[in-house]
Asks: 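One structure follows; several queries about it will come next.
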Amino acid sequence: AQSVTQLDSQVPVFEEAPVELRCNYSSSVSVYLFWYVQYPNQGLQLLLKYLSGSTLVESINGFEAEFNKSQTSFHLRKPSVHISDTAEYFCAVSDLPSNTGKLIFGQGTTLQVKP
Amino acid sequence: GAGVSQSPSNKVTEKGKDVELRCDPISGHTALYWYRQSLGQGLEFLIYFQGNSAPDKSGLPSDRFSAERTGGSVSTLTIQRTQQEDSAVYLCASSYLAPGTGELFFGEGSRLTVL
């Protein structure tokens, strides 16, 4: 069975500092990987995804994630965070064997950006 | 609006009562998912619909939980004889892309509190 582990439940960081949110997955088959973001009092939104091709994927607001097959990781990074990046971030893997499109999510990481 | 709509946004009920949560997906989206988000538990998959059928109900936690979808559109999640452990945010998502590509569009959720 597939699973996702987000190693940090909370990550406090000062504005303009770099940040890394860690995600590891477990799967016996090829995977699709995702990061979703949930801003306060809003629904989840897709931030970025890896389906195939280049292992480095980027979002429109400066986040990037790198698929590392050997380490089964998909860590999310940003070189300089803003107050507006404060949110909960969820890593997810697509349950490809079931062919349902459902996603298996990690427990989430709360990014707290302080001024 | 054009997004996934869920109602009610908040529901407080007494233990033992039945509740119904509604999801109106994005028009044209054939796939619909229900998830549960509990504090510190991440997102837990409940059920998947393709059209009006539910080929994957594997996440429903007990027989008190049921869901249906009519007309390939609106879905209702019903919880009978609610218990305090049912308190959570129930999220609905829909998708139109091929299964596995992960473009799930989420509603803002229905927060259920069981007293």
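Remember, predicted model here, so these are calculated numbers, not experimental data. A, B, ... follow the sequence lines: proteins, then strands. Residue 1 opens every chain.
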Asks: Tell me, do Leu103(A) and Tyr33(B) make a side-chain contact under 4.5 Å, heavy atoms counted?
Replies: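 In short, these two side chains do not touch, never coming nearer than 4.5 Å.
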Asks: Side chain, backbone, both or neither: which part of Glu44(B) has an atom under 4.5 Å from a heavy atom of chain A?
Replies: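 For Glu44(B), there is no contact with chain A at all, as no heavy atom is under 4.5 Å.
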Asks: On the six-membered ring of Phe45(B), is Lys102(A) placed so that its NZ or CZ lies under 6.0 angstrom from the centre and within 45° of the ring axis?
Replies: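 That pair qualifies as a cation-pi contact.
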Asks: In terms of hydrophobic clusters joined by side-chain contacts under 4.5 Å, are Leu21(B) and Leu46(B) together?
Replies: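 Shared cluster, yes.
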Asks: Check the hydrophobic clustering (I, L, V, M, F, W, Y; side-chain heavy atoms under 4.5 Å; chains of links allowed) and say if Tyr89(A) and Ile83(A) are grouped together.
Replies: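 Both belong to a single hydrophobic cluster.
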Asks: Nearest 0.5 Å, what's the CG-CZ distance between Leu104(B) and Phe105(A)?
Replies: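 CZ of Phe105(A) is found 6.0 Å from CG of Leu104(B).
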Asks: Is Phe105(B) in contact with chain A via its backbone, its side chain, both, or neither, using a 4.5 Å heavy-atom distance?
Replies: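 Neither part.
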Asks: Against chain B, label Gln38(A) side chain, backbone, both or neither, depending on which of its atoms sit under 4.5 Å from a heavy atom there.
Replies: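 The side chain, not the backbone.
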Asks: Looking at Tyr39(A), I'd like to know if its OH atom is crowded, meaning that more than 12 non-hydrogen atoms belonging to other residues, nucleotides or ligands lie closer than 6.0 Å.
Replies: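 Yes, the 6.0 Å shell around OH holds more than 12 heavy atoms from other groups.
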Asks: With a cut-off of 6.0 Å (strictly less than), are more than 12 heavy atoms of other residues, nucleotides or ligands near CD of Glu85(B)?
Replies: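 Check passes, neighbour count above 12.
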Asks: In this structure, are over 12 heavy atoms from other groups packed under 6.0 Å from Leu115(B) atom CG?
Replies: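 More than 12 within 6.0 Å, yes.
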Asks: Considering only heavy atoms, which portion of Glu88(A) lies under 4.5 Å from any heavy atom of chain B: side chain, backbone, both, or neither?
Replies: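 For Glu88(A), the contact with chain B is made by the side chain alone.
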Asks: Can you see which heavy atom on Leu46(A) is nearest to which on Glu103(B), and at what distance?
Replies: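 Where Leu46(A) meets Glu103(B) most closely, the heavy atoms are CD2-OE1, 3.1 Å.
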Asks: Can Tyr36(A) be reached from Leu48(A) by stepping across I, L, V, M, F, W or Y side chains whose heavy atoms are under 4.5 Å apart?
Replies: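 No, Leu48(A) and Tyr36(A) fall in different hydrophobic clusters.
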Asks: Are there over 12 heavy-atom neighbours, none belonging to Arg111(B), within less than 6.0 Å of that residue's CZ?
Replies: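 Counting other residues, nucleotides and ligands, CZ of Arg111(B) stays at 12 neighbours or fewer.
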Asks: So, taking the atom named OH in Tyr35(B) and the one named CZ in Phe90(A), what distance separates them when rounded to the nearest 0.5 Å?
Replies: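 Here the interatomic distance stands at 12.0 Å.
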Asks: Side chain, backbone, both or neither: which part of Ser38(B) has a non-hydrogen atom closer than 4.5 Å to chain A?
Replies: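 Looking at Ser38(B), nothing touches chain A.
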